[in-house]
Structures are given as structure tokens and as C-alpha cells.
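Have a look at the structure below before the remarks.
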Amino acid sequence: MEPNNCNNNNSEEKKQECIKLAFLGLILVAGSSIVGSLVKFVGQVVIVISLMYALYLYESKKK
């Protein structure tokens, strides 16, 4: 077994495989950061909506 080293492989197939792996890594990193910020945003929206709903309930009980 020769090591799967991206730099000194001259065969086209191995180069393609390495490029695919690099793209997969990039997509995974970008995707995880996007998902993280989406989760934060959704969490904030949910908190704001629940606070407004609680305020609405409080105001309607006061009347």
C-alpha cells in the first residue's frame, strides 16, 4: 500500500480524488458554520416570539 499523498501523485485519478476530498472538507466546514449561525438565529427568534406571547397573555389577563 502506498500512502495516499496528494502532492506527489502524478496519476489523474488520484488528483481528482484529492480535489474531491478537499471540496468535501470545505463544504463540511462552511456548512457547519452556516448551520451554527442559523441555529443561533432561530433560537433568538423563538425567544423573542415567546416573550411577546407571554407579554400578550399578561396584558390580556390584566383586563
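Remark: Leu57 CG to Ser50 OG distance equals 11.0 Å, nearest 0.5 Å.
Listed by chain and number, the residues in a side-chain contact (heavy atoms from CB on, under 4.5 Å) with Lys20 amount to none (sequence neighbours excluded).
Clustering of Ile, Leu, Val, Met, Phe, Trp and Tyr by side-chain heavy atoms under 4.5 Å joins Met52 with Val48. Apart from Tyr58 itself, the hydrophobic cluster it occupies contains nothing, where clustering links Ile, Leu, Val, Met, Phe, Trp and Tyr at side-chain heavy-atom distances under 4.5 Å. Applying the under-4.5 Å side-chain rule to Ile, Leu, Val, Met, Phe, Trp and Tyr, the cluster around Ile27 consists of that residue alone. When hydrophobic residues (I, L, V, M, F, W, Y) are linked wherever their side-chain heavy atoms come within less than 4.5 Å, Val29 remains an isolated member.
For the side chain to side chain contact (heavy atoms under 4.5 Å, CB included) criterion with Ile47, the lone passing option out of Ile49, Leu51, Val45 is Leu51.
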Which donor-acceptor pairs under 3.5 Å do the side chains of residues 34-42 make with protein atoms, sequence neighbours left out?
from: Ser37; atom 1: OG; to: Ser33; atom 2: O; distance (Å): 3.3
from: Ser37; atom 1: OG; to: Ile34; atom 2: O; distance (Å): 2.9

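The number of heavy-atom neighbours closer than 6.0 Å to CD of Glu59, taken from other residues, nucleotides and ligands shown, is above 12.
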